[in-house]
Protein chains: 4
Amino acid sequence: MGTRERILDTSLVLFNQEGTAAISALSIATALGISPGNLYYHFRGKEEILTALLAECDLALDRLHRRMDVELKGPMDFEPFLLSLLRVGHHFRCLFRDQEALRFAHPGLARSWSRLLKRIRQISQLLLKRLNQLSPLGLTPSQRDKLADSLMLSALASLCFELEPDKDGETQLIQSAHSLLVLLRPYLEAAGLNPVSNEQANAP
Amino acid sequence: MGTRERILDTSLVLFNQEGTAAISALSIATALGISPGNLYYHFRGKEEILTALLAECDLALDRLHRRMDVELKGPMDFEPFLLSLLRVGHHFRCLFRDQEALRFAHPGLARSWSRLLKRIRQISQLLLKRLNQLSPLGLTPSQRDKLADSLMLSALASLCFELEPDKDGETQLIQSAHSLLVLLRPYLEAAGLNPVSNEQANAP
Amino acid sequence: MGTRERILDTSLVLFNQEGTAAISALSIATALGISPGNLYYHFRGKEEILTALLAECDLALDRLHRRMDVELKGPMDFEPFLLSLLRVGHHFRCLFRDQEALRFAHPGLARSWSRLLKRIRQISQLLLKRLNQLSPLGLTPSQRDKLADSLMLSALASLCFELEPDKDGETQLIQSAHSLLVLLRPYLEAAGLNPVSNEQANAP
Amino acid sequence: MGTRERILDTSLVLFNQEGTAAISALSIATALGISPGNLYYHFRGKEEILTALLAECDLALDRLHRRMDVELKGPMDFEPFLLSLLRVGHHFRCLFRDQEALRFAHPGLARSWSRLLKRIRQISQLLLKRLNQLSPLGLTPSQRDKLADSLMLSALASLCFELEPDKDGETQLIQSAHSLLVLLRPYLEAAGLNPVSNEQANAP
DNA sequence: AATGAATGAGGGTTCATTCAT
DNA sequence: GATGAATGAACCCTCATTCAT
């Protein structure tokens, strides 16, 4: 694997582990066993690394976006898709968690970041559109977009705030997906479908 | 107003404006027109300021928490309450936005932070409990808690990610509250109540 | 003596000795026995030190400028005045020697530098004006200004290029002053005065 | 043209444009479209490039020096010769402008540099000797050498300090030559010759 | 001749924090 | 309560230079 790729991979791991602010360019180089000069030969600084990671994340989401029409055929497809989506987000979670810090430390990232956010919003809106095609949600388009935003925000927040820090990443992802599906539950039920495992409702 | 309070107020404003990472102890002192030594006389460092802000936020949420039983009497009470809640969150938004960066820069904040998060979770769960008391939601307690978590995450994310950066703070807050209500809409409707203004549903 | 003054003094000595490019902020701090942080507390960087030195030099020249009308009463006054002038230049010689390097490393100095150069030019022109008042030089004003420029350039160059590097600073200054007077010799002679010690002319 | 020559040419252009200190080995290689490794194959470093440029300049001045006896036949020959001399200096102006910075950054250049300076001094002295042969200057040899030094310094300074930065290079050269001739004017006049265009003298 | 990844020392700068006054 | 000079560690980055290919 080329040095450039190794830098990106290691950076992402370190950024996810300790936050982008806590990881210096030198610590990345040290973790890789390369000299700081070499790091700067491949990327002109931390900002360029982050730009590359943002682009990678954007690309991964773009691929998901393109596959939505094909993959979301029935109500059972939403949970796996949400999981794929959350998996991408989790893989690049540092980008979402440190969003605010990055905004001020690296104004140059603003455009990449807003492009990324726009794409997520599109995915969220398309998700509800597909759901509506399967069975009318009983919402105005405006309400549907609001619901899409809430869904997206809830998903983003599940990447940022770990409610069960003790559980491992995969379990957290599955729980996040379930929580998101609960938001959609009434609409899926209205479509005569309940994708979430049935439990006894209204226990005290 | 005492110097201690002025430090907290100014810090919060600066932290909200430019992020906690971008604001140094010196810049707080400069903004206040006091010497760095004086700042350190009142607070042993940036971490202590943040701890104090976390405590203030926690206190404000505690007050809201205690009033819920009294204030949430009918379905029309939920929107104002959500607004109050979001207003507190918005006032201390730097704490939520820089959560990740703070976690690593100041491990000493971890306990205060998890206490804060727990309280928000309690509020969210109590919110749905009250709703359930008004009219059964048709959810198991576990599903209800998941819904509560989604609601909370959506609220937290609306503090972290500005979807409409051009609008002013108050407008953003109202939109956030509406978005959250959309999440609850099916349950409120099931209770024979629709707190959100009626629009023509299912337009193409 | 205050730290600020000590920084300026030491910087000037080091800059003169080894050139502005060869002296780092750290080496100044080390030479003074202070920490780099303290250096940056007093000056935001090397550029601010240089700006302050340029201002000091400008001030010294301004003082000389103001005294010219009073001090240049007769032909015997020119040599001492030239020596004073050269002494100031020699004291700040790093500014003239590294002029080009500074121009590119610190564009912020451009304005201070051009102001300084303008003042030197004014002094040179006033010098010839006074000489002309003592005895007509037989030059058009335009020719007189050209002569003033040549005189100034010759003086500046004597600060930049050491023709006799083995001799000590004071001797070099005196020789420089003599060289400059030789340029003026024909005009002083025409005024019936020969301020330079008489030697036997036109030896083989 | 061989790579070696292209390196020298491009280096000289860049050094003249932005100063020797601001131009790194890498930037020269980039400007040439070659790899840094290739640059170091031809020259062991920036110092060797500068040594080569010093040698080129020295050679050009040597050629001028040898032609002086032949070319300086009459008083009208001095201006064109001065122009040729200044043109060489202007072509290699970075060497003179950054003299001080180079001295400390590259002590290895000291010998080449002092040889160069000595040659210029010889040329300046020979110039006055030829003038004296055309018509006695009325100066002792010592005074004549001092005048030669002043002339040389004035010429060097005109390469280092741009008094009229807005005018193009050729115009600056011509003005510099005129300024130098003004220094010689009294002696040329004394020889019954005025090489500078006559203007009305002693206007107020 | 030429490439380009890699090195490592060093420079400029920031900042949380201390302490004598 | 308050000042402000001082500290020192750490960070980001540049650059001359080397070397395997």
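Every chain is numbered from 1 and lettered A, B, ... according to where its sequence line falls, protein lines coming before strand lines.
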Of all residues at least two apart in sequence or in a different chain, which pass the side-chain contact (heavy atoms from CB on, under 4.5 Å) check with Ala25(A)?
-> Leu39(A), Tyr40(A)
Measure from CD1 on Ile7(C) to P on dG12(E) and round the result to the nearest Å.
-> 14 Å
Could you pull out the closest heavy-atom pair between Ala31(D) and Leu14(D), with the gap in Å?
-> CB-CD1, 3.8 Å
For Asn16(B), what residues pass the side-chain hydrogen bond (donor to acceptor under 3.5 Å, both in side chains) criterion, not counting sequence neighbours?
-> none
Which pair of heavy atoms, one from Leu95(A) and one from Leu102(A), lies closest together, and at what distance?
-> O-CD1, 4.4 Å
Can you tell me the distance, in whole Å, between the CZ atom of Phe104(D) and the C1' atom of dG10(E)?
-> 19 Å
Given dT3(E), is OP1 or OP2 found less than 4.0 Å from the side-chain N or O atoms of Ser35(D)?
-> yes
Nearest-angstrom distance from the residue atom CD1 of Ile34(B) to C1' of dA2(F) = 9 Å
Report the residues that fulfil ring-ring contact (aromatic ring centres under 6.0 Å, His included) with Phe96(B), sequence neighbours left out, ordered by chain and then residue number.
-> Trp113(B)
Check DNA chain E for consecutive Watson-Crick or G-U pairs with both distances under 3.5 Å and list the runs of at least three as stems.
-> E:2-21 with F:2-21
Reading nucleotides 14-21 of chain F from 5' to 3' and marking B where a protein heavy atom lies under 4.0 Å of the base, S where only the sugar-phosphate is that close, and - otherwise, the string is BBSBBB--
In whole angstrom, give the distance that lies between atom CZ of Arg4(A) and atom P of dG4(E).
-> 15 Å
Residue pairs meeting salt bridge (charged side-chain N to carboxylate O under 4.0 Å, His left out), one or both in residues 98-117 of chain C, sequence neighbours left out, come to Glu100(C)-Arg103(C), Glu100(C)-Arg97(D)
What integer distance in Å separates Leu32(D):CG from dT3(E):C1'?
-> 15 Å
Residue set satisfying side-chain contact (heavy atoms from CB on, under 4.5 Å) with Asn38(D), at least two apart, ordered chain then number -> Thr3(D), Ile34(D), Ser35(D), Tyr41(D), His42(D)
Between Leu39(D) and His42(A), which has a closest nucleotide on DNA chain E that is more 5'?
-> Leu39(D)
Spacing of Arg6(D) atom CZ relative to dA1(E) atom P, expressed in whole Å = 12 Å
Partners of Glu5(B) by side-chain contact (heavy atoms from CB on, under 4.5 Å), sequence neighbours excluded?
-> Met1(B)
Side chains of residues 43-52 of chain A: which donor-acceptor pairs under 3.5 Å do they make with residues two or more places apart or in other chains?
residue  : atom : partner   : partner atom : Å
Lys46(A) : NZ   : Thr20(A)  : O            : 2.9
Lys46(A) : NZ   : Ile23(A)  : O            : 3.0
Glu47(A) : OE1  : His106(A) : ND1          : 2.9
Glu48(A) : OE1  : Arg44(A)  : N            : 3.3
Thr51(A) : OG1  : Glu47(A)  : O            : 2.8

